[in-house]
Protein chains: 2
Amino acid sequence: MTTQQTQDYLKAIYELASDHKTVSTTALAEHLFLTPASVTGMLKRLAVQKPALVRYKKHQGVQLTSLGEKMALQILRQHRLLETYLVEALGYSWDEVHEEACRLEHAISEQFENRIDAVLGRPQRDPHGDPIPSSNLEIPMDRSRPLSEFRPPQKAVICRVNGKDPALLRRLDKLGMIPGASITIVDYSELDQVLSIRIGTREPTCSVGSTISRQVLAEELLEPPAGDSQPS
Amino acid sequence: MTTQQTQDYLKAIYELASDHKTVSTTALAEHLFLTPASVTGMLKRLAVQKPALVRYKKHQGVQLTSLGEKMALQILRQHRLLETYLVEALGYSWDEVHEEACRLEHAISEQFENRIDAVLGRPQRDPHGDPIPSSNLEIPMDRSRPLSEFRPPQKAVICRVNGKDPALLRRLDKLGMIPGASITIVDYSELDQVLSIRIGTREPTCSVGSTISRQVLAEELLEPPAGDSQPS
DNA sequence: AAAATAATTTAGTATATACTAAATTATTTA
DNA sequence: TAAATAATTTAGTATATACTAAATTATTTT
């Protein structure tokens with residue numbers, strides 16, 4: 001049986017390795033709130049066991065093997081389904097679910113996973129807009145980009161928030177920056193790199209380097225094709 | 001933080017110590033599927049730590065301290081609420097819930113506990129009829145006795161099943177022996193100590209020494225007081 | 001390229017928890 | 001009560017996982 005620790009390492013490696021890049025010991029240590037030395041030790045174990053879950057050569061970071069990736073996706077699926085369930089069925093707010101899901105994800109059975117998946121109607125996104133791997137571990141496509149890459153007069157729909165910090169999430173909620181919200185970029189100041197965004201009647205601004213503009217992801221809304229004009 | 005192991009030991013001691021009796025190392029070992037030697041070691045740790053969770057003197061078995069008992073009741077509450085939730089909200093059958101609840105009980109937060117308690121309407125019994133400790137850890141009264149103690153022509157209502165073995169539970173379900181079922185003891189053979197029971201139209205028998213008659217608990221249904229006759 | 005800095009690994013240690021085999025204590029039987 | 005049996009504990013070991021401090025390797029800066 002794989003332990004909770006193993007699962008946490010695999011999930012962390014998956015999350016840090018965008019596009020199968022290699023992940024450094026230190027990055028992993030920071031993500032997991034452990035010392036680099038502890039991580040080195042654990043990675044060796046994960047690489048040596050049969051079947052191996054990671055590929056690891058000293059001073060060169062780690063990668064998941066294909067089995068390791070499968071296991072990471074399975075945990076990620078459980079995590080995100082749980083987050084969705086906590087919000088939809090038990091009335092949690094989106095800033096409360098991460099921690100709870102982090103514990104539950106190691107405890108539920110396949111049956112539990114299937115039941116909540118069914119109750120929720122096989123959702124494809126969790127409350128933060130993160131894609132939920134399907135039961136065969138495929139990930140829904142995602143063409144979202146961080147807010148920092150948008151410029152006026154682009155319009156977009158917020159579809160995802162990467163951060164899990166409850167304070168950030170509550171702030172975003174207050175600003176109306178939640179998945180599904182339509183936004184318009186109304187201004188960008190080259191000088192101080194500040195974006196002004198319109199969300200409904202509100203017009204918050206955020207610096208291009210800020211947590212918000214890096215962690216809130218949106219999909220551009222293209223202009224309706226010509227000939228689709230609306231008669232008033 | 002208390003570990004899952006600690007919680008399992010406390011729960012086991014609580015379950016085996018009816019009425020604050022002392023629990024033996026071996027009994028505990030069997031219940032937890034561990035060797036007696038391992039149990040001895042763990043009990044020492046639980047007794048020595050501050051605050052102590054058990055009282056333990058060698059060769060004399062263990063008892064929970066009042067803190068240990070509180071913790072046991074808290075876990076038991078979580079376990080039984082979870083079992084109830086799995087049946088009521090997620091469509092599990094009563095023979096499937098024990099194992100799942102055994103894992104989840106160590107992972108849920110107080111918030112989770114409160115939410116499912118509320119969703120379920122603060123239930124007092126789990127699907128097996130076991131009493132659910134209230135949020136202040138008091139246990140609903142229970143005057144049920146094992147089927148083996150009943151004799152014709154007593155009538156009773158089944159209110160509880162002690163065993164968790166899925167096969168037993170499925171069998172009971174098939175027989176209609178589920179909490180809430182009204183039964184009549186129709187015969188008792190002194191010779192081979194067999195009870196005949198009527199449940200609806202069925203009339204199963206069970207030996208007085210059998211698992212069923214020891215683990216199925218019922219409350220006697222007293223004759224309606226005189227003057228309460230029903231006009232047809 | 002040498003020096004300085006940063007990242008990583010090694011070595012040694014600690015803890016919780018389990019195990020087995022042997023020793024001890026308690027209980028039952030003859 | 002002595003012998004036999006059963007229950008329990010001790011002693012020693014193993015594993016997974018973390019830690020710290022020191023050593024090493026890699027990267028960056030001068």
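Each chain gets a letter, A, B and so on, in the order its sequence line appears, and its residues count up from 1.
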Starting at CG of B:Leu34 and ending at P of D:dA14, how long is that distance when rounded to a whole Å? 20 Å
How close or far is atom C1' of D:dA18 from atom CG of A:Leu28, stated in whole angstroms? 15 Å
Any-strand Watson-Crick or G-U partner of C:dA2, both distances under 3.5 Å: D:dT29
Considering just the side-chain nitrogens and oxygens of A:Tyr9, establish if one lies under 4.0 Å of OP1 or OP2 belonging to D:dA18. yes
What is the distance, rounded to the nearest whole Å, between atom CD of A:Glu30 and atom P of C:dA7? 8 Å
With a 4.0 Å cut-off on N to O distance, would you call B:Asp117 and B:Arg77 a salt bridge? yes
Whole-Å distance, A:Gln4 CD to C:dT17 C1', equals 16 Å
From B:Thr65 atom OG1 to B:Leu53 atom CG, the distance as rounded to the nearest 0.5 Å: 5.5 Å
Counting only non-hydrogen atoms, which of residues 54-63 of chain B are less than 4.0 Å from DNA chain C? B:His59
Where the side chain of A:Thr6 is concerned, which of C:dT17, D:dT17, D:dA18 is the nearest nucleotide? D:dT17
For D:dT17, the Watson-Crick or wobble partner whose two distances fall under 3.5 Å: C:dA14
Just by distance, with hydrogens left out, do A:Gln63 and A:Thr22 show a side-chain donor and acceptor under 3.5 Å apart? no
Assess, by modelled atom type and distance only, whether the side chains of A:His106 and A:Asp8 contain a donor and an acceptor separated by less than 3.5 Å. yes
Taking 4.0 Å as the cut-off, does a side-chain nitrogen or oxygen of B:Thr3 come that near to OP1 or OP2 on C:dT17? yes
Selected nucleotide, minimal atom distance to A:Gln5 side chain, candidates C:dA18, D:dT9, D:dA18: D:dA18
Could you verify whether a donor N or O on one side chain and an acceptor N or O on the other, from B:Glu105 and B:Gln4, lie under 3.5 Å apart? no
Is the closest side-chain donor-acceptor distance between B:His79 and B:His98 under 3.5 Å? yes
Side-chain N or O of A:Thr25 closer than 4.0 Å to phosphate OP1/OP2 of C:dT9: yes
DNA chain C contacts made by residues 38-45 of chain B, counting heavy atoms under 4.0 Å: B:Ser38, B:Met42, B:Arg45
Does C:dA22 have a Watson-Crick or wobble mate here (both distances under 3.5 Å), and if so which one? D:dT9
Within this structure, what is the CG-CG distance for the pair B:Leu76 and B:Leu137, rounded to the nearest 0.5 Å? 10.0 Å
B:Gln111 and A:Glu100: side-chain donor and acceptor closer than 3.5 Å? no
Taking B:Arg171 first and then B:Asp165, would you say they form a salt bridge - that is, a charged N and a carboxylate O separated by under 4.0 Å? no
